[in-house]
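These notes concern the structure reproduced below.
Note: hydrogens, waters and symmetry copies are ignored here, and every other heavy atom, side chains too, is used.
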Amino acid sequence: MDLKLSTLLCFTLLLCTILIPTLSELCNPQDKKVLLEIKTAFNNPYTLTSWNPDVDCCTTWYNVECDPITNRINSLTILSYDRISGQIPPQVGDLPYLETLVIRKQPNITGPIQPSIAKLKHLKTLRLGWNNLSGSVPDFISQLKNLTFLELYYNNLTGSIPSSLSQLPNLASLRLDRNKLTGHIPSSFGQFVGVIPDLYLSHNQLTGKIPTSLGKMDFNRIDLSRNLLEGDASFLFGLNKTTEIVDLSRNMLEFDLSKAGFTNSLILLDLNHNRLTGSIPEELTEVKLQFFNVSYNRLCGQIPVGGNLQKFDNTSYFHNRCLCGTPLPSCK
């Protein structure tokens with residue numbers, strides 16, 4: 001081997017010796033330390049086997065992502081096929097650059113929503129749905145001003161809904177449905193300070209009247225179904241709104257449906273199992289509804305002919321006081 005080739009080989013070996021450890025240290029050491037503590041808190045589950053302290057967490061660990069510039073951990077995602085158990089470790093709050101925290105479809109995840117999450121000032125997405133979390137919806141969530149998606153549905157959360165959630169300026173979706181929440185819908189939900197979020201509060205035990213302040217909001221989607229709500233809800237509708245989905249079914253709401261105004265943007269309107277009176281407004285023939293249900297109410301009069309209203313079968317209309325016309329029996 002000549003001298004030049006030997007020198008080149010030695011240089012290459014030296015370069016590899018220098019670079020390989022450097023490449024293995026992309027992951028911030030403090031972030032790695034916290035993640036290993038989280039793994040221990042979850043009792044070292046099989047799904048986190050890749051979290052090996054001897055390799056780079058940014059390039060070889062599953063369930064986490066690093067920012068491509070700073071190499072700080074910005075995403076922690078554990079989904080349905082990653083079976084884990086226990087409580088959410090408080091150490092999740094020690095990942096200061098976290099933007100996405102998803103722990104979803106983990107029936108063996110129990111306990112409260114950790115207060116340490118309040119430290120995650122960069123957090124944009126918090127998805128903790130389909131678990132077995134208990135306790136309240138914490139007020140501290142309102143401190144996470146960058147939050148865009150808040151999804152806590154399908155848990156066992158109890159207590160009232162914090163009115164402070166309306167102070168989240170970037171919130172595009174608020175899902176608290178399918179819990180055991182009680183009390184009233186906060187009137188502050190008619191005063192969201194920034195983006196008007198899609199609002200899902202269904203399948204809880206909410207009581208009282210829907211705050212009239214919600215009528216000021218142009219919700220794209222609002223689902224208050226399967227609660228114990230009563231009184232008027234006609235103010236949620238309006239010709240000047242751009243609402244697409246309204247589900248108020250299975251409550252105890254009482255108002256004259258014929259006096260409500262409906263925007264042409266509606267694609268789903270579900271009002272079944274309430275105490276609605278009046279008749280079905282003629283203007284609904286101008287709305288391109290894809291789903292419509294007013295069954296089990298106290299409506300009367302002929303079902304207007306036109307639009308999509310005759311495309312729905314009798315289950316969308318039956319069990320009313322004196323509603324008639326296609327697809328129900330003809331009016332006498």
Side-chain angles (χ1 to χ4, degrees), residues 153-154 175-185 198-212 214-215 219 221-238 241 243-332:
Y153 56 95
Y154 277 99
R175 296 205 58 172
L176 304 178
D177 46 308
R178 296 180 184 268
N179 280 288
K180 298 175 182 177
L181 301 174
T182 55
H184 293 53
I185 297 172
D198 293 339
L199 184 62
Y200 296 88
L201 304 179
S202 70
H203 293 77
N204 280 292
Q205 299 163 22
L206 301 174
T207 55
K209 296 182 178 181
I210 300 171
T212 56
L214 268 66
F219 293 103
R221 302 180 177 207
I222 180 168
D223 185 353
L224 309 179
S225 64
R226 292 179 183 264
N227 280 290
L228 303 170
L229 301 170
E230 56 189 28
D232 190 7
S234 60
F235 50 81
L236 293 176
F237 306 102
K241 296 192 175 184
T243 308
E244 294 185 351
I245 292 176
V246 179
D247 190 346
L248 306 176
S249 61
R250 294 182 181 268
N251 281 289
M252 300 180 290
L253 299 170
E254 297 184 54
F255 61 93
D256 187 337
L257 186 64
S258 61
K259 295 181 179 179
F262 295 95
T263 173
N264 289 345
S265 59
L266 272 177
I267 58 174
L268 182 151
L269 179 60
D270 195 349
L271 302 171
N272 79 79
H273 284 83
N274 278 290
R275 300 170 182 174
L276 307 186
T277 57
S279 58
I280 297 175
E282 189 79 27
E283 66 197 52
L284 280 175
T285 60
E286 305 296 322
V287 180
K288 304 301 181 184
L289 288 164
Q290 298 174 21
F291 182 91
F292 180 65
N293 195 329
V294 290
S295 64
Y296 290 91
N297 277 289
R298 301 171 182 177
L299 300 173
C300 274
Q302 181 167 344
I303 298 170
V305 177
N308 288 349
L309 292 184
Q310 275 66 50
K311 293 182 179 180
F312 306 108
D313 63 25
N314 67 337
T315 60
S316 292
Y317 299 100
F318 64 8
H319 289 280
N320 273 284
R321 182 170 287 165
C322 46
L323 207 57
C324 58
T326 309
L328 295 178
S330 59
C331 300
K332 297 178 181 180

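- Below 30°, between 30° and 60°, or above 60°: for Phe292 and Phe312 the angle between ring planes is between 30° and 60°, a tilted geometry.
- Going from atom CG of Asp270 over to atom CG of Asp223 covers 8.5 Å, rounded to the nearest 0.5 Å.
- Atom CG of Leu284 and atom OG of Ser258 lie 11.0 Å apart (nearest 0.5 Å).
- In this structure, the separation between CG on Asp177 and CG on Asn179 is 7.5 Å, given to the nearest 0.5 Å.
- The heavy-atom pair separating Pro281 from Ala260 by the smallest distance is CG-O, 4.2 Å.
- The distance from atom CD1 of Ile245 to atom CG of Leu199, rounded to the nearest 0.5 Å, is 13.0 Å.
- A donor-acceptor contact shorter than 3.5 Å is absent between the side chain of Asn272 and the backbone of Ser249.
- With Lys241 contributing its side chain and Leu236 its backbone, the two residues share a donor-acceptor pair below 3.5 Å.
- For the pair Ser225 and Arg250, the minimum side-chain heavy-atom distance is 4.5 Å or more.
- Side-chain contact between Lys288 and Asn308: present, with at least one pair of heavy atoms (C-beta onward) separated by less than 4.5 Å.
- Distance check: Ser279 OG to Lys259 NZ gives 10.5 Å after rounding to the nearest 0.5 Å.
- With rounding to the nearest 0.5 angstrom, the CG atom of Leu228 is 10.5 Å from the CG atom of Leu253.
- Counting only heavy atoms from C-beta outward, the side chains of Leu323 and Ile303 approach each other to under 4.5 Å.
- The shortest side-chain heavy-atom distance between Tyr200 and Leu176 does not fall under the 4.5 Å cut-off.
- When all heavy atoms of Gln302 and Cys331 are compared, the pair lying nearest together is CB-SG, 3.7 Å.
- In this structure, Asn297 contributes its side chain and Asn274 its backbone to a donor-acceptor pair below 3.5 Å.
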Criterion side-chain contact (heavy atoms from CB on, under 4.5 Å) on Asp232 and Lys209, from CA distance to verdict: CA-CA 7 Å; Asp232 190 7; Lys209 296 182 178 181; over 6 Å; no
CA sep, side-chain torsions, deciding dist, call: Leu257, Phe262, side-chain contact (heavy atoms from CB on, under 4.5 Å): CA-CA 10 Å; Leu257 186 64; Phe262 295 95; 3.6 Å; yes
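- At least one side-chain heavy atom of Ile280 sits less than 4.5 Å from a side-chain heavy atom of Leu299.
- The closest donor-acceptor contact from the side chain of Asn204 to the backbone of Lys180 lies under 3.5 Å.
- Counting heavy atoms from C-beta on, the side chains of Thr207 and His184 come closer than 4.5 Å.
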Test log, rule side-chain contact (heavy atoms from CB on, under 4.5 Å), inputs Leu269 and Leu289: CA-CA 8 Å; Leu269 179 60; Leu289 288 164; 4.1 Å; yes
Derivation of the side chain to side chain donor-acceptor pair (under 3.5 Å) call for Tyr154 and Arg178: CA-CA 5 Å; Tyr154 277 99; Arg178 296 180 184 268; 2.9 Å; yes
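- Using bins of under 30°, 30° to 60° and over 60° for the plane-to-plane angle, the ring pair Tyr296/His273 lands in the parallel bin.
- Across all their heavy atoms, Gln310 and Thr326 have their closest contact at NE2-O, 3.1 Å.
- The closest donor-acceptor contact from the side chain of Thr263 to the backbone of Gly238 lies at 3.5 Å or more, if one exists at all.
- Side-chain N or O atoms of Thr285 include none that pairs as donor or acceptor with a backbone N or O of Val305 at under 3.5 Å.
- Side chains of Thr277 and Glu254 form no contact here, defined as non-hydrogen atoms less than 4.5 Å apart.
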CA sep, side-chain torsions, deciding dist, call: Phe255, Leu276, side-chain contact (heavy atoms from CB on, under 4.5 Å): CA-CA 5 Å; Phe255 61 93; Leu276 307 186; 3.3 Å; yes
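- Side chains of Phe291 and Asp247 form no contact here, defined as non-hydrogen atoms less than 4.5 Å apart.
- Between the Asn320 side chain and the Val294 main chain, a donor and an acceptor come within less than 3.5 Å of each other.
- In plain terms, the two heavy atoms of Phe235 and Pro211 that are nearest each other are CE1-O, 3.4 Å.
- Side chain of Glu230 to main chain of Ile210: no donor-acceptor pair is present (N/O by atom type, distance under 3.5 Å, no hydrogens or angles).
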